[in-house]
Amino acid sequence: MALLNVEQIRGGYGDVDILHGVSMTVDAGEIVVIIGPNGAGKSTAMKAVFGLVTVREGRIRYKDAPITNLRPDQVVRAGVCYVPQEHNVFPSLTVEENLEMGAFIRNDDYSKEMRTVYELFPALYEKRKQPAGALSGGQRQMVAMGRAMMLDPALILLDEPTAGLAPGIVDQMFENIKKINSLGVSILMVEQNAQQALALAHRGYVLTTGRNRHSDTGPNLLADRDVREMFLGG
Amino acid sequence: MTEFLQLTVYGIVLGSVISLGAIGLSLVYGILRFPHFAHGDLITLGAYLALVVVTALNAPVLVALPVGVAGTAAVAVAIDQVLYRRLRRVAPVILLIASVGVALILRSLIQIIWGPSNQVYEQGIQFPWRIMGVGIKPDHLIIVGGAAVLVVALHLFLQKTKTGKAMRAMSDNADLAQVTGIKVNNVIIWTWIIGGGLAAAAGIFLAMDTRLHPVMGWRLLLPVFAAAILGGIGRPYGAILGGLIIGLAQEYSTTVINPSYKPAVAFAIMVAMLVVRPTGLFAGKKA
């Protein structure tokens, strides 16, 4: 049984369909990456899982329960966390308060998760009393991922976690994703740095114009001629 | 010098009242992204609800204050859940216009129920204490002290409680708050409880200092807006400072111009701020 199962979904914003039949699965413990050209519907497919896009056909199941078209806060309660691409921290809140907001739906003690986040990202512990808006781009991305970790989720959705980061920081961010995954958290991410992302991922999906084009293991996609020509510069 | 100190006292009293109104206006703007034009009439409503308690029970104003605050908060929440909630998905300008409608309805209802003439909580004159020739009435201390207590309470709420932090989070980024799992509608309800409650306190304090009248809040709306914009709209802490500046400026201006132009002073400061630094002192929200 897959952790997340997306079956032939069609949908988009308002009345316009962007997805015309996208399917994907994420198994427990996997890193799965979605790549594709601009406008292929990568982020849209991810947002559909999180209830931010109207799904008109097909279905989405998480842990074998239907989550199609649930509200975002309901998807969070089901155990899926989402890190948007931009504006993904609360800038006037401190780092610690950002993490607390990640645990908003919890009424129990979350000090264990907070320790885990600070162990993963020691830089955040030093800056925990500073407003998140004052942090560097890489550190803000850590806050955003840390906030998602506060619910101890089984699956995290990352929308272009390395967008706008300096090349050195990009490597560090992929390392962070690997570390989070090593704690047993499955990851579904959309990524522009296709080469590095596929090298890291267990499996990948290539989307074009709102449809599945390829799906294979990370190394196989990296070796695929079609994929290389499309995204990796031959 | 005495005159300057006397005007400073008046300015701080007026500034406290304006601040309480401006905090609510700023909070509502931060969360719902529209300027709430009915805020002045919530101020009026609070004053009149307290009057009901004062006349019915012959109670002192400070006993009536919690009732006026709670009643106005309840009305603010009801207006939001019945009317504004249905308009959340449309452009903010629609909400703005709806709030102008609410303002007219509230004002008219107040006039129908309590009549159009001036009223007071207590008859008679309070004799001011004379300190170095400066007159300070006991009510002045109650107003400034009461406003200070409310501001400290608001600060603790925003900084220490889960709901307060969620309110700041939502003011930062409402979309992110939603995908984080924050219950957006609960935060909105709390925003109206606080905004409406503080507006009522402003109205009751204003009525203690002057008198009750159905347009008292509407007349205060311009300085309240000026204070919120001066402090950076959406920034409650800026609104406190903005309120004090506007209050002091209005009182000081009476030494050089006719006191009836006091609201014009607030307006001039607001326009000047929008020209020089549109985001306000505390870098407020973009629309």
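Letters A, B, ... mirror the listed sequences (proteins, then strands); counts begin at 1. If you're wondering where the values come from, they're calculated on a predicted model, not measured in any experiment.
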Checklist entry - Taking the six-membered ring where the residue is Trp, are the ring centres of B/His39 and B/Trp218 under 6.0 Å apart? => result no
Next on the checklist: Just to be sure I understand the criterion: a residue of residues 133-149 of chain A counts if one of its heavy atoms is under 4.5 Å from a heavy atom of chain B. Which ones qualify?
Outcome noted: A/Arg147
Checklist entry - Relative to A/Tyr125, does A/Arg128 satisfy both conditions: NZ or CZ under 6.0 angstrom from the six-membered ring centre, and within 45 degrees of the ring's axis? => result yes
Next on the checklist: I'd like to know if B/Arg88 pairs up with B/Asp80 as an ion pair, taking the criterion as any Lys NZ or Arg NE/NH1/NH2 lying under 4.0 Å from an Asp or Glu carboxylate oxygen.
Outcome noted: yes
Checklist outcome for this item: Separation between CZ (B/Arg85) and CG (B/Leu87), nearest 0.5 Å, reads 12.0 Å
Checklist entry - Does A/Tyr118 OH have over 12 foreign heavy atoms under 6.0 Å away? => result yes
Next on the checklist: My understanding is that only residues two or more places apart in sequence, or in another chain, count here; which of them pass side chain to side chain contact (heavy atoms under 4.5 Å, CB included) with A/Glu7?
Outcome noted: A/Asn5, A/Arg59, A/Arg61
Item to check | Region of A/Val83 that comes under 4.5 Å of a non-hydrogen atom in chain B | outcome: neither
Checklist outcome for this item: Value for CG (A/Leu19) from CG (A/Asn212), rounded to nearest 0.5 Å, stands at 10.0 Å
Checklist entry - Which bit of A/Leu52 is near chain B, if near means a heavy-atom gap under 4.5 Å: side chain, backbone, both or neither? => result side chain
Checklist entry - In residues 66-76 of chain A, which residues are in contact with chain B at a heavy-atom separation under 4.5 Å? => result A/Pro72, A/Asp73, A/Val76
Checklist entry - Side chain, backbone, both or neither: which part of A/Pro84 has an atom under 4.5 Å from a heavy atom of chain B? => result side chain
Item to check | Any residue of residues 173-186 of chain A which, by heavy atoms, sits under 4.5 Å from chain B | outcome: none
Checklist entry - Does A/Arg203 come within less than 4.0 Å of A/Glu30, counting only side-chain N to carboxylate O? => result yes
